[in-house]
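Lettering of chains follows the sequences in order, A, B, ..., and the numbering in each one begins at 1. Treat the numbers as computed from the prediction; the structure is a model and nothing was measured.
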Amino acid sequence: MGELTMGSLTTGPHRAERSSGRRIRLPLPGFAGRMMAPGLLVLAGVSLLPFAAVVVMSFSRVHLLGGLRLEGAGADNWTRLFTDPDMAWAWARTAGYFVLTVGGEMVLGTVLAICLWRLRHGRNTALSLLLLPMFVAPVIVGLLGRFLTDSTFGLYSWVLGQLGYHGDLMGDKTTAFVSVTLMDVWEWTPLVTLIALAGLTSVPSSVLEAASLDGAGLLRTLRHIVLPAIAPVLLVALLIRSMDALRYFDIIWNTTGGGPADATKTASVKLYETAFRFFDFGYAAVTGLLMLAVTTVVARYFVRLLDRKGLAR
Amino acid sequence: MTASTTGAAPLERGSRGSRVVVRVLVATALIWTVVPLGWMLLSSFKSTAEVTAATPDVWFGPTLDNYRNLFGGGNNLWPHLRNSVVAAGCSALLATALGALAGYGLARTKWRGKHHLSFWIISTRMAPIAAVVLPIFLIFRVLGLIDTLPGLVLAYLSFNLPFAIWLLNAFFAQLPPALEESAQVAGCTPWQAFRHVILPLTRPGLVTTFVLCLVFSWNDYAFALVLSGPRTQTLPIAASQLVTQTGIDWGQLTAIGTVVVVPMMLVGLAVRRWLVTGLTMGAVTGE
């Protein structure tokens, strides 16, 4: 979805026409085209149509009561975007989450993958247990997080109490921010571990033996052989986690609801609130389009990096 | 997996000290991962008073009260369970079927714009849910699809379908075109060649796609929050609503959490072999 959508659908056929010159070739010919048609039509219905709708909404005032009605609002919603300090803060928080969650997951996931790789016994059992959080619904992660950090009976609050900390984790701005970050790290570090481990197992052992014969120590081997070898797979993990980090919503909404004092209100939370609490769909649409633009830029950047590594197809 | 019997790769052997460090780190990670889940499971068998006791306790008389209340009491979970099964199941099934067709077409087409097309497909998957759910809400309102299961199924397709196409495309691309070419020489139509030669070879891919789509839509919260209503609430919504009602029954909440989480863990681990391909959407080749 997004500008690339429109771009890709129009530039492709045009270029084909121009270069072949003599005969105009239809875009999706033959059996392959017929096989693709149903899926692509449905996909267009659930992505292009909403995209068009969100663009229209961003230039309108949307009335929901007494039947849906759109009223032209010019660029009002857009100008508001650039004069709204709340929005700027929401984006600053989103950036903070992005760096903390994605950074934490990449580092912890890679370290853990290297540990598992060096583990001689029980690697498969350990991996199976470590993967479990990925399958937990984010809502449940959020609710479970609330349960564990409850100031009167939460298990984690009790452990922290034994260590001398007695505050309310979800009541303080900093600790709430950190807690919500850690919940995402808990859920998604396993994905990075899994991907990195797949990369590690394909590092040929002959290269490692050669390195050890040359007298390279553990750290040097990691730095000069292992990390470069798994860099492309790590980039894929980074891409996937980045896309998710930008739209982080479920956990936050079910733990803090954006509070305390807006400390955990990211762009997604702000968008949801704007639309479904204040019913300001036009402004929410603008926020959505901005998120889409940021996602597209980030994705393009990573895909280009991957292309350079020869991995994207 | 790589360690041979005659001698492990040097990095895997390591000194005694580094082996201890590795074990400590793995053990720590295991504790950090498993404790919340274990605590949820344990708490779901506790009585209300025990769940909210100030000091955590592992020794208690287990009771099924929480589950009994969920499935038989005031919070009747059955309709929610049915909604989740139908919405997630149908969406995963549809995505796998359409994804198999489109993924195969994409793998075999020689169209020049293919590169753009596949990037468009994957970019719909990466679009922020919040930005998609907003216009879908308005469109569904006009079409009368709010609070209907077909509506939820369709909405889930917006993230399941691109994923299914992309993933199955990766599976089909691994199969040499010579396979169906020789079948066609033997007299099959292109469809028969696909149906009887290619599709059976892709069974692991189909199962993996179905399972992962099932997990994604079963776990969805944002779409269901906006698009479902009293008649179509799914399990995640039911779970979050236990909180907003006056006072939180944490015992029931841990029980519903267990009900939501355990089936997906089981099916997820069942396709573990293909998880890397699946979760990286085919971008990592080789595994």
(message) Please rank A:Cys115, A:Ala53, A:Gly288 by heavy-atom pairs under 4.5 Å with chain B and give me the top one.
(response) A:Cys115

(message) Heavy-atom cut-off 4.5 Å, strictly under: side chain, backbone, both or neither for B:Ile121 against chain A?
(response) both

(message) Given heavy-atom pairs under 4.5 angstrom as the criterion, report whether the side chain, backbone, both or neither of A:Leu239 touches chain B.
(response) side chain

(request) Using non-hydrogen atoms and a 4.5 Å limit, figure out which bit of B:Thr254 sits close to chain A: side chain, backbone, both or neither. (result) side chain

(request) Go through the atoms of B:Phe216 and report whether side chain, backbone, both or neither lie under 4.5 Å from a heavy atom of chain A. (result) neither

(message) Heavy-atom cut-off 4.5 Å, strictly under: side chain, backbone, both or neither for B:Leu253 against chain A?
(response) side chain

(message) Quick check on the interface: out of A:Leu148, A:Leu132, A:Val56, A:Asp150, who has the most heavy-atom pairs with chain B under 4.5 Å?
(response) A:Leu132

(message) If we define contacts as heavy-atom pairs under 4.5 Å, which of A:Leu116, A:Leu271, A:Thr287 has the most with chain B?
(response) A:Leu271

(request) Could you please spell out the steps behind the side-chain hydrogen bond (donor to acceptor under 3.5 Å, both in side chains) verdict for A:Asn124 and B:Arg272? (result) CA-CA 10 Å; A:Asn124 280 329; B:Arg272 205 190 88 178; 3.0 Å; yes

(message) Can you tell me which portion of A:Phe147 sits under 4.5 Å from chain B's heavy atoms? Options are side chain, backbone, both or neither.
(response) both

(request) Please answer whether the main-chain N or O of B:Leu106 pairs with a side-chain N or O of B:Lys114 as donor and acceptor at a distance below 3.5 Å. (result) yes

(request) Could you tell me which of A:Thr295, A:Asn254, A:Thr189 has the largest number of non-hydrogen atom pairs under 4.5 Å with chain B? (result) A:Asn254

